[in-house]
Amino acid sequence: MSSENILEPLVDCIFDVAKVSKKLLYELLDIKEQFNIETFFKTVELKNKKDQYPKQIKIYSSDKGYIYLMSAPIGLGLSNFLKCKESLELQLRHKIDIRERKGYIEIEVITKELNYNIPYKLPIKEKTEGIKFPIGESLNEKVILDLKEDPHTYIVGTTGSGKSVCTKSILTSVSNLYGPGELELYLCDLKRVELNLFSKLKHTKKFVYTVEDTTEVIADLLEETNNRYDLFMKNNVTSIFEYNRLPGVKKLKYQILYVEEIVLLLEDKRKTAMKLLKQLIAISRASGCYVFLTTQRPSNDVIDNVVKANINNRIVFKCEDSKNSIVALDQEGADKLRGKGHGLIKRGSYIVEFQSFFITDQQVKELTRKYISNIKAVKEPYSGYKHLNNKVDSNKKEKPLKTNILEDLSFLDNI
Ligand SMILES: Nc1ncnc2c1ncn2[C@@H]1O[C@H](COP(=O)(O)OP(=O)(O)OP(=O)(O)O)[C@@H](O)[C@H]1O
Ligand SMILES: [Mg+2]
């Protein structure tokens with residue numbers, strides 16, 4: 001028997017094992033076995049001047065699906081691969097991400113899908129300082145807002161995109177995780193319908209719905225923020241967290257200002273509220289005052305550079321067109337979202353696709369019932385707001401706004 005004949009069964013056996021493990025790997029990764037990415041690049045003639053084509057180094061699973069790691073022949077770069085993206089997606093029947101990593105090209109095939117309906121559940125309080133809670137889920141993890149790290153947030157999206165549902169989940173979470181002794185809510189509901197489920201909570205210090213009252217609420221918070229910084233300076237600390245750790249001090253409460261539909265603030269020709277708001281978001285990072293803004297219309301006059309520079313949590317649901325997406329996110333994409341709570345969240349330069357929790361009004365009522373203060377039920381829809389325990393006071397005489405705060409805000413126009 002020749003040595004060739006002796007080795008033949010062994011070689012066959014190795015081939016069989018290799019075939020089976022390849023099949024297993026492909027099954028595991030949910031890849032169609034017949035798809036050969038090297039053949040694909042040959043077919044579309046992605047080659048350099050020496051007729052060399054990209055080579056598959058390996059294939060492995062990822063959080064979103066699986067990744068082809070490719071080597072690029074000299075002369076080809078990321079941009080050449082990106083030109084093939086659409087046709088490769090067509091062949092693979094999945095969305096893909098193509099990026100460069102340590103001299104190789106990674107082609108990630110996204111086979112996993114976002115869960116499109118995630119019922120709201122009360123989150124568990126984390127044992128960390130500051131305000132922290134989840135708002136939804138990405139492909140592989142919870143999307144968490146950590147207001148100590150990123151204090152301010154805007155939520156934008158066209159009508160029906162999911163802003164109010166997200167708002168209700170946020171306010172239900174924070175009011176349950178942080179008691180009225182720890183957190184105050186300042187709700188400015190310029191649309192007059194969205195926030196009133198929370199108007200009677202013990203946490204709610206102000207519930208207003210006119211531009212004038214909103215202006216005053218913001219001016220008051222600005223004054224409070226300045227007072228807190230004076231207090232911090234006297235005590236040689238630089239933040240609410242350090243201050244609250246000092247022995248024997250009365251702990252300061254966190255404050256959340258929620259302004260529903262900031263576009264309506266522009267009705268005031270002098271734009272005082274908008275200017276004060278910009279000043280507040282610029283300085284209140286360490287004072288414990290956190291701002292949430294919502295709008296249907298993310299145009300440059302509402303979400304300008306000052307707002308962008310100071311708001312790090314950008315929650316963007318479906319936008320009307322790519323122009324709006326570019327204003328809100330600095331890139332296209334939000335115009336292609338599905339709506340109904342399907343969003344993108346951008347923090348710094350990092351963008352994640354997610355689905356926000358779905359909460360019903362009934363759930364909000366049940367979960368916040370224990371925090372409702374004993375105020376008589378309101379009969380008429382709006383006049384009622386005025387009886388709310390100084391929460392709304394639209395009849396009051398006009399109080400001069402704090403002129404020291406308003407002295408000169410013109411610098412904000414030039415930022
Ligand atoms: N996270 C979600 N999961 C599932 N469905 C959702 C979600 N968010 C919103 N929806 C659906 O979309 C509808 C509209 O949502 P929502 O009221 O939040 O929109 P909106 O952005 O506030 O619109 P508008 O600007 O008109 O106030 C909801 O009634 C609900 O049926
Ligand atoms: Mg709404």
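Quick note: numbers below take in every heavy atom, side chains included, and nothing from hydrogens, waters or symmetry partners. Counting convention: from 1, in listed order, for ligands and their atoms alike. As the structure is a prediction and not an experimental result, all values here were calculated from the model.
- There is no protein heavy atom closer than 4.0 angstrom to atom 29 (O) of ligand 1.
- Lys163 and Glu260 are not joined by a salt bridge, as no carboxylate oxygen comes within less than 4.0 angstrom of a charged side-chain nitrogen.
- Among Lys191, Lys340, Gln296, the residue whose heavy atom sits closest to atom 27 (O) of ligand 1 is Lys191.
- Between Tyr120 and Phe357, the ring planes lie perpendicular to each other; the angle is over 60°, past the 30° to 60° tilted range.
- Looking only at protein heavy atoms, the nearest one to atom 1 (N) of ligand 1 is Ser356 O, 2.8 Å.
- Classified by interplanar angle (parallel below 30°, tilted 30° to 60°, perpendicular above 60°), the ring pair Tyr178/Tyr254 is perpendicular.
- One finds a salt bridge joining Lys125 and Glu182 here, because a Lys/Arg side-chain nitrogen approaches an Asp/Glu carboxylate oxygen to under 4.0 Å.
- When the heavy atoms of Asn117, Thr158, Thr360, Val165 are ranked by distance to atom 9 (C) of ligand 1, first place goes to Val165.
- Counting atoms of ligand 1 from 1 in the listed order, those under 4.0 Å from a heavy atom of Glu194 are 27 (O).
- Close contacts of ligand 1 with Gly341, meaning ligand atoms under 4.0 Å from a residue heavy atom, involve 1 (N), 2 (C), 7 (C), 8 (N).
- Using a cut-off of 4.0 Å between Lys/Arg side-chain N and Asp/Glu carboxylate O, Glu261 and Lys191 are scored as not salt-bridged.
- Ring pair Phe207/Phe198: centre-to-centre distance not below 6.0 Å.
- At least one N/O/S atom of Ser164, from backbone or side chain, sits under 2.8 Å from the Mg ion (ligand 2).
- With contacts defined as side-chain heavy-atom distances shorter than 4.5 Å, the pair Ile170/Tyr258 qualifies.
- Ligand 1 lies out of reach of Lys168, whose nearest heavy atom is not under 4.0 Å from it.
- Looking at Glu194 and the Mg ion (ligand 2) together, the shortest N, O or S contact belongs to OE2.
- Among protein heavy atoms, the minimum distance from atom 17 (O) of ligand 1 is reached at Ser164 CB, 3.8 Å.
- Under a 4.0 Å criterion applied to the non-hydrogen atoms of Gly162, ligand 1 contributes the atoms 8 (N), 9 (C), 15 (O), 16 (P), 18 (O), 19 (O), 20 (P), 21 (O).
- Remark: ligand 1 atoms within the under-4.0 Å shell around heavy atoms of Gln355 are 1 (N), 2 (C), 3 (N).
- Every heavy atom of Phe317 sits 4.0 Å or more from the atoms of ligand 1.
- Here Glu129 pairs with Arg245 in a salt bridge; the nearest charged N to carboxylate O distance falls below 4.0 Å.
- Look at Gly160 and you'll find a heavy atom under 4.0 Å from some atom of ligand 1.
- Both the sub-6.0 Å distance and the 45° axial angle are not jointly satisfied by Arg228 relative to the ring of Tyr243.
- Using a 4.0 Å cut-off between charged side-chain N and carboxylate O, Glu89 and Lys85 make a salt bridge.
- With respect to atom 26 (O) of ligand 1, the closest heavy atom belonging to the protein is Thr159 OG1, 2.5 Å.
- Close approach of ligand 1 to Phe357 (heavy-atom distance below 4.0 Å) involves ligand atoms 1 (N).
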